[in-house]
S.K.: 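I am attaching a structure below and will ask some questions about it afterwards.
Small disclaimer: the values here were computed from a predicted structure and weren't measured. Counting begins at 1 with the first residue of the sequence.
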Amino acid sequence: MQTKTTSGDDRFDVEDVAAAIREGRSLRPAALYRIVVLDDQLHERHVDLSDPVPTGRQILQAAGSRPADEYSVYAILTSGEFEDLRLDETYDLRGRGAERFVIFQTDRAFKFTIDDRQLEWGKPSISGRVLKALAGVPPETYDVYLEVRGGGQDILIRDGDLIDLGKPGIERFITLIRDTTEGLLTLPEADQRYLSSHGVAFEMVSDGAHTGVIFKQLPLPSGKLNHATADVLVLLPPGYPDVAPDMFYCDPWLTLQSVGRYPTCADQAHAFQGRSWQRWSRHNTAWRPGIDGLHTMLKRIEHALAEAK
C-alpha cells in the first residue's frame, strides 16, 4: 500500500515492504513501513513501523510483545531460513529483502532441519501443519516425515501431531509429495520426444498407486562415484507435468570415490518395485509449469550427481 500524504513532503503514508520486494523496487520515503509478524502458529498480521531501520526491540514493541526481553524475534529470509535478531540489533528494511518476522515468547531456540534447511524454533514442540508451512509446500498434497537414521522407517507426521524438539540431537524432517498417480499410463509427448531424441533409455513403472520413470543405466560423472552408470528413478506426482517431481533415487547405491562414503543427504533407502533405492534428497522448488519436464529434471539430476559432496 502506498498513499501519498497531504502534507506536501512527498512521503507516502504507508509503504508496504512486501509490495516493494514483489515489485523489485526500493522502499519509498514514508511515514510508516508495513511489515508482517507471525506467532508460533504462523498466524500473520500487519505491523507498521516509523523507522525503516528498526531494532529487534522496536519490532517487538510495535507488535505489542512486551516486555521485549521476554521475547525472541527472527527475520524470515527469502530462502525460508530464519535470522535471529537481537533486541538492540538493527535490521535495514530498505536492503534486506525480508518483510516477515516471527515472534516467540521464549529465550531459548530449538534447532532442526527441514528439506536440508536448518531452522531455529522458539518453542519446544512443533506441529506437522507448521512444518509444512515452513517448508512452503501445499498441505493437501504433501506429507512431512521425521527422518530415522540407521535403517529405520521414517515417521509420518500428521498435521496435528506435535514433535518434541527438546530431545538431544537435531531433528531432521523431509517433505514428500503424496504420490497417487493412478491413471498416468504414459509420459507426455514432449517427454517422450526428448528422451527418444537424446537416446535416453527409460521405462514407465508403477508400485501400488505410485508411478514413476526409470532412466536405465544413466551415465554418471567420470571418476566421481563408485559406478559408471546407474538406474535413476523419478516418481511422478499427481498433476505432472504441471506439478514438479521431487527427489530422485539411484540403484545401485552410489558412494564418493574420493572418501568412500555416501554423498550428503543420500544415505536413506526407498523401497519401490522390490528394489532398495538410494534416496537423493534434492528438492525441486522452482518448477515452471508448461516449461519444465523430464528434460529439466534430467539436468537437475546430472548437476546433483556432478556436485555431490
S.K.: Which atom pair, heavy atoms only, marks the closest approach of Asp51 to Tyr33?
M.R.: C-CD1, 4.2 Å
S.K.: Could you tell me the separation between the OH atom of Tyr71 and the CZ atom of Phe104, rounded to the nearest 0.5 Å?
M.R.: 13.0 Å
S.K.: Between the side chain of Ser127 and the main-chain N/O of Val130, is any donor-acceptor distance below 3.5 Å?
M.R.: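 At least one qualifying donor-acceptor pair exists.
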S.K.: Do you know which of Val232, Leu294, Thr296 makes side-chain contact (heavy atoms from CB on, under 4.5 Å) with Ile301?
M.R.: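 Option passing the side-chain contact (heavy atoms from CB on, under 4.5 Å) with Ile301: Val232.
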S.K.: Looking at CD of Glu83 and CD of Glu89, how far apart are the two atoms once the value is rounded to the nearest 0.5 Å?
M.R.: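 If I round to the nearest 0.5 Å, the distance is 6.5 Å.
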S.K.: Would you mind checking if Arg282 and Glu307 are paired as a salt bridge, meaning a charged N to carboxylate O distance below 4.0 Å?
M.R.: no
S.K.: Could you check whether any side-chain N or O of Lys224 sits under 3.5 Å from a backbone N or O of Ala306, counting only pairs where one atom can act as donor and the other as acceptor?
M.R.: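 Flag set: sc Lys224 to bb Ala306 pair under 3.5 Å.
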S.K.: For the side chain of Gln118 and the backbone of Thr113, is there at least one donor-acceptor N/O pair under 3.5 Å apart?
M.R.: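 Checking the backbone N and O of Thr113 against the side chain of Gln118, no donor-acceptor pair under 3.5 Å is found.
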S.K.: Any chance the side chains of Gln192 and Thr186 put a donor and an acceptor closer than 3.5 Å?
M.R.: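 There is such a pair between these side chains.
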S.K.: Any side-chain heavy-atom pair from Leu87 and Asp69 closer than 4.5 angstrom?
M.R.: yes
S.K.: Mind listing the closest non-hydrogen atom pair of Pro263 and Ala308 along with its distance?
M.R.: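 The answer is CB-CB, 3.9 Å.
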S.K.: Before you tell me yes or no, could you show the steps for Asp40 and Lys123 under salt bridge (charged side-chain N to carboxylate O under 4.0 Å, His left out), namely the whole-Å CA-CA distance, both residues' side-chain angles and the distance that decides it to 0.1 Å?
M.R.: CA-CA 8 Å; Asp40 56 20; Lys123 293 289 184 182; 3.8 Å; yes
S.K.: Could you measure the distance from the CZ atom of Phe272 to the CG atom of Leu235? Nearest 0.5 Å is fine.
M.R.: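 Spacing of CZ (Phe272) from CG (Leu235) equals 5.5 Å.
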S.K.: Please round to the nearest 0.5 Å and tell me the distance separating atom CD of Glu99 and atom CG of Asp16.
M.R.: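 The CD atom of Glu99 sits 8.0 Å away from the CG atom of Asp16.
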S.K.: Tell me, yes or no, whether the heavy-atom count around Arg158 atom CZ, taken from other residues, nucleotides or ligands under 6.0 Å, exceeds 12.
M.R.: no
S.K.: Any sub-3.5 Å donor-acceptor pair from Asp207's side-chain atoms to His210's backbone N or O?
M.R.: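 Answer holds: no.
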S.K.: Is any side-chain N of the basic residue among Asp251 and Arg275 closer than 4.0 Å to the acidic one's carboxylate O?
M.R.: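 Yes, Asp251 and Arg275 are salt-bridged.
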S.K.: Under the criterion side-chain contact (heavy atoms from CB on, under 4.5 Å), which of Asp246, Ile214, Val213 is the partner of Val234?
M.R.: Val213
S.K.: Applying the side-chain contact (heavy atoms from CB on, under 4.5 Å) test to Val144, which of Ile157, Ile163, Val137, Ile174 qualifies?
M.R.: Ile157
S.K.: Is the shortest heavy-atom distance from the side chain of Leu225 to the side chain of Gln257 under 4.5 Å?
M.R.: no
S.K.: For Gln58 and Val53, which heavy atoms make the closest approach, and how far apart are they?
M.R.: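 Here Gln58 and Val53 meet closest at OE1-O, 4.0 Å.
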S.K.: Between Asp231 and Gln217, is the side chain to side chain donor-acceptor pair (under 3.5 Å) condition met? List the steps.
M.R.: CA-CA 5 Å; Asp231 284 354; Gln217 294 298 297; 3.2 Å; yes
S.K.: Measure across Pro289 and Asp242 and return the closest heavy-atom pair with its distance rounded to 0.1 Å.
M.R.: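 Closest approach of Pro289 to Asp242: CG-O, 3.5 Å.
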S.K.: So Tyr194 and His295, would you call those rings parallel, tilted or perpendicular, with 30° and 60° as cut-offs?
M.R.: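 Answer is tilted, since the angle falls between 30° and 60°.
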S.K.: With a 6.0 Å cut-off (strictly less than), is the heavy-atom count around CD of Glu44, excluding the residue itself, greater than 12?
M.R.: yes
S.K.: Closer than 4.0 angstrom, basic N to acidic O: yes or no for Lys216 and Glu203?
M.R.: yes
S.K.: Where do Ile35 and Leu93 land on the side-chain contact (heavy atoms from CB on, under 4.5 Å) test, with the steps shown first?
M.R.: CA-CA 9 Å; Ile35 62 172; Leu93 298 171; 3.9 Å; yes
S.K.: Could you walk me through whether Glu147 and Arg279 satisfy the salt bridge (charged side-chain N to carboxylate O under 4.0 Å, His left out) test, starting with their C-alpha distance in whole Å, then the side-chain angles of each, then the deciding distance to 0.1 Å, before giving a yes or no?
M.R.: CA-CA 12 Å; Glu147 278 196 2; Arg279 186 179 74 206; 3.2 Å; yes
S.K.: In terms of side-chain heavy atoms, does Asp191 have a donor or acceptor partner in Tyr240 at a distance below 3.5 Å?
M.R.: yes
S.K.: Quick one: does Thr211's side chain have a donor or acceptor within less than 3.5 Å of a partner on Ser206's backbone?
M.R.: no
S.K.: For His270 and Cys250, what are the C-alpha separation, side-chain angles and deciding distance, and is it a side-chain contact (heavy atoms from CB on, under 4.5 Å)?
M.R.: CA-CA 10 Å; His270 181 82; Cys250 293; over 6 Å; no
S.K.: Below 4.5 Å, heavy atoms only, C-beta onward: do Val37 and Arg45 meet side chain to side chain?
M.R.: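 SC-SC contact between Val37 and Arg45 confirmed.
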S.K.: Nearest 0.5 Å, please: how far is CG in Leu32 from CZ in Arg34?
M.R.: 8.0 Å
S.K.: Can you list the steps and then say if Phe112 with Leu131 is a side-chain contact (heavy atoms from CB on, under 4.5 Å)?
M.R.: CA-CA 10 Å; Phe112 64 94; Leu131 285 167; 3.7 Å; yes
S.K.: How close do Ala62 and Val47 get, heavy atom to heavy atom, and via which atoms?
M.R.: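 Taking Ala62 first and Val47 second, the nearest heavy atoms are CB-CG1, 3.5 Å.
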S.K.: Say you draw a straight line from CZ of Arg117 to CG of Leu134; how long is it, rounded to the nearest 0.5 Å?
M.R.: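 The distance works out to 7.5 Å.
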S.K.: Would you check if Ile76 and Leu38 make a side-chain contact, meaning some heavy-atom pair closer than 4.5 Å?
M.R.: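 Yes, side chains in contact.
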S.K.: Would you confirm whether the ring centroid of Trp277 sits within less than 6.0 angstrom of the ring centroid of Phe248?
M.R.: no
S.K.: Just by modelled atom types, is the Glu120 backbone N or O under 3.5 Å from a matching donor or acceptor in the Lys111 side chain?
M.R.: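 It does not hold such a pair.
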S.K.: For Asp164 and Ser125, indicate whether the former's side chain and the latter's backbone hold a donor-acceptor pair under 3.5 Å.
M.R.: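 Absent.
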S.K.: Is there side-chain contact between Phe215 and Leu298, with heavy atoms separated by less than 4.5 Å?
M.R.: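 A side-chain contact under 4.5 Å exists here.
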S.K.: Counting the benzene-type ring for Trp, do Trp280 and Tyr249 have ring centres under 6.0 Å apart?
M.R.: no
S.K.: Between the side chain of Arg66 and the main-chain N/O of Gln61, is any donor-acceptor distance below 3.5 Å?
M.R.: yes
S.K.: If you measure from the Lys or Arg side-chain nitrogens to the Asp or Glu carboxylate oxygens, is any gap between Asp161 and Arg129 under 4.0 Å?
M.R.: no
